[in-house]
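Here's the structure we're looking at; comments come further down.
Keep in mind that this is a model prediction, so the values were computed, not measured.
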Amino acid sequence: MTADPPTLTTGQRRDAEVGLHLLGGFRLRHGDAPVVVPRGLQRVIALIGLRPGATRAHLAGLLWPEAAEERALSSLRTALWRLRQDPYCPLTTAADTVRLDPLVRVDVDRLVDTAGRVRDGQAPADAAEALAAGRHDLLPGWYDDWVLADRERLRQLRLHMLEQVAGQHLAAGRHGEALEAALEAMAAEPLRETPHRLVVRIHLAEGNAFEAVHAFYVYRDLLLRELRLEPSPAMSALLAETLEPIRRASRPTNGAHRHLVTRATFPAR
């Protein structure tokens, strides 16, 4: 692994923070300097970052699932040896477990921590950071089974976090912030009903009946076009009270019905 600039010598103390970025693609940084890592070693570092404290056997089985156990463990030993030869090596080993050095800051950990605080009812100190957290997929272009599983786990984690943030803001009457979080969740998963339902509720809370009805029918058209499904009864019920006066006004009265029949039976001359 190399960084440019600066160039450190083997054994030099890593006094700058090491950042491991897995969302949006693999990137390892030493301070402000990017560290170049061969693709094979990227997989090892990324997996250890996602499975802190995993045993060697577990790591080897995930990294080389088609290989026999002894061969997979041998490949892992070689990879760890190569990593330890470099001054940027972000790994520490203890007994049979491997983990990242405490200096390493992983963006996935930040997303998980933010989602945990939101779940516990704590509003994130930096709203923009909470909205941006996890905006990019985990290691796009990687198709290992362990990547696919964690990618979906983190995607669902972020969606629920954004919906909870929107709900918290809505309950507190902060409609602008609530709408921003709901729209962020909607952009992440356009066919998911929950963020669309939140958008309708936010518009209704603001007294914007037109916007609420518009948002409902935009989602309904999308759902019919993509999946040939209707919105759930729970979402339709949100607008029942708002749409009832419109439905009543559009129903023909008995008198109007008789008038139409008369005109149809006895056309004007």
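Atom CG of L22 and atom CG of D137 lie 12.5 Å apart (nearest 0.5 Å). R135 contributes atom CZ, which lies 12.0 Å from atom CG of L23 (distance to the nearest 0.5 angstrom). Within the model, atoms NE2 of H203 and CD of E211 stand 5.0 Å from one another, a figure rounded to the nearest 0.5 Å. In this structure, CZ on R220 lies 4.0 Å from CD on E230, to the nearest 0.5 angstrom. With values rounded to the nearest 0.5 angstrom, L20 atom CG is found 12.0 Å from R29 atom CZ. To the nearest 0.5 angstrom, M186 atom CE is 10.5 Å from E163 atom CD.
Of all the heavy atoms in A185 and L159, the pair that sits closest is O-CD2, 3.6 Å. Between P140 and G25, the shortest heavy-atom contact is CD-N, 3.5 Å. Residues P231 and L223 approach most closely at N-CD2, 3.7 Å, considering heavy atoms. The two residues H21 and D107 make their nearest non-hydrogen contact at CA-OD2, 3.4 Å. The heavy-atom pair separating Q168 from G121 by the smallest distance is NE2-CA, 3.9 Å. Scanning both residues, V165 and A181, for their nearest heavy atoms gives CG1-CB, 3.8 Å.
Residues V147 and V37 are members of one and the same hydrophobic cluster, defined by side-chain heavy-atom contacts under 4.5 angstrom among Ile, Leu, Val, Met, Phe, Trp and Tyr. There is no path of hydrophobic side-chain contacts, each under 4.5 Å, that joins L179 to L162. Following chains of ILVMFWY side-chain contacts shorter than 4.5 Å, one can reach L41 starting from V18, so the two form part of one hydrophobic cluster. Hydrophobic cluster membership is shared by V200 and Y217, with clusters built from Ile, Leu, Val, Met, Phe, Trp and Tyr side chains linked at under 4.5 angstrom. Hydrophobic clustering, with ILVMFWY side chains joined whenever heavy atoms are under 4.5 angstrom apart, groups W142 together with W64.
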- Kindly indicate, with the supporting measurements, whether the criterion side-chain contact (heavy atoms from CB on, under 4.5 Å) is fulfilled by L170 and H175. CA-CA 6 Å; L170 175 59; H175 299 136; 3.9 Å; yes
- When you look at L111 and M161, which way does the side-chain contact (heavy atoms from CB on, under 4.5 Å) test go after all the steps? CA-CA 10 Å; L111 168 60; M161 177 188 71; 4.2 Å; yes
- Task: May I have the step-by-step check of side-chain contact (heavy atoms from CB on, under 4.5 Å) for R119 and H160, ending in yes or no?
- Result: CA-CA 9 Å; R119 185 179 58 246; H160 283 90; over 6 Å; no
- Task: Test side-chain contact (heavy atoms from CB on, under 4.5 Å) on R197 and S232 and set out the steps.
- Result: CA-CA 10 Å; R197 198 186 306 172; S232 72; 3.8 Å; yes
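Side-chain atoms of Y219 come within 3.5 Å of backbone N or O of L191 as a donor-acceptor pair. The closest donor-acceptor contact from the side chain of R105 to the backbone of P102 lies under 3.5 Å. Distance alone, capped at 3.5 Å, is enough to place a donor-acceptor pair between the Q85 side chain and the W81 backbone.
Around the CZ atom of R228, the shell of radius 6.0 Å holds no more than 12 heavy atoms that belong to other residues, nucleotides or ligands. For R71, the CZ atom sits in a loose shell: 12 or fewer heavy atoms of surrounding residues, nucleotides or ligands are nearer than 6.0 Å. Other residues, nucleotides and ligands contribute at most 12 non-hydrogen atoms within 6.0 Å of the CZ atom of R82. Heavy atoms from other residues, nucleotides or ligands lying under 6.0 Å from CG of D221 number more than 12.
By the side-chain hydrogen bond (donor to acceptor under 3.5 Å, both in side chains) test, R110 is found to be paired with no residue, residues two or more places apart in sequence or in another chain being considered. Partners of F216 by ring-ring contact (aromatic ring centres under 6.0 Å, His included), not counting sequence neighbours: none found.
In this structure the side chain of L222 never reaches within 4.5 angstrom of the side chain of V218, judged on heavy atoms. Contact of the D101 side chain with the L91 side chain is not registered, since no non-hydrogen atoms from C-beta on lie closer than 4.5 Å. Looking only at side-chain heavy atoms (C-beta outward), V108 and V112 come within less than 4.5 Å of each other.
Salt-bridge check for R158 with E184: passed, with a basic side-chain N closer than 4.0 Å to an acidic carboxylate O.
Between H214 and F210, the angle of the ring planes stays under 30°, which puts this pair in the parallel group of the 30/60° scheme.
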Show me the side-chain donor-acceptor pairs of residues 43-61 shorter than 3.5 Å, one per line, residues at least two apart or across chains.
| residue | atom | partner | partner atom | Å |
| --- | --- | --- | --- | --- |
| R43 | NE | D144 | OD2 | 3.3 |
| R43 | NH2 | L63 | O | 2.9 |
| R43 | NH2 | D144 | OD2 | 2.9 |
| R51 | NH1 | D150 | OD1 | 3.4 |
| R51 | NH1 | D150 | OD2 | 2.8 |
| T55 | OG1 | H58 | N | 3.2 |

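A donor-acceptor contact under 3.5 angstrom links the side chains of E152 and Q156, judged on distance only.
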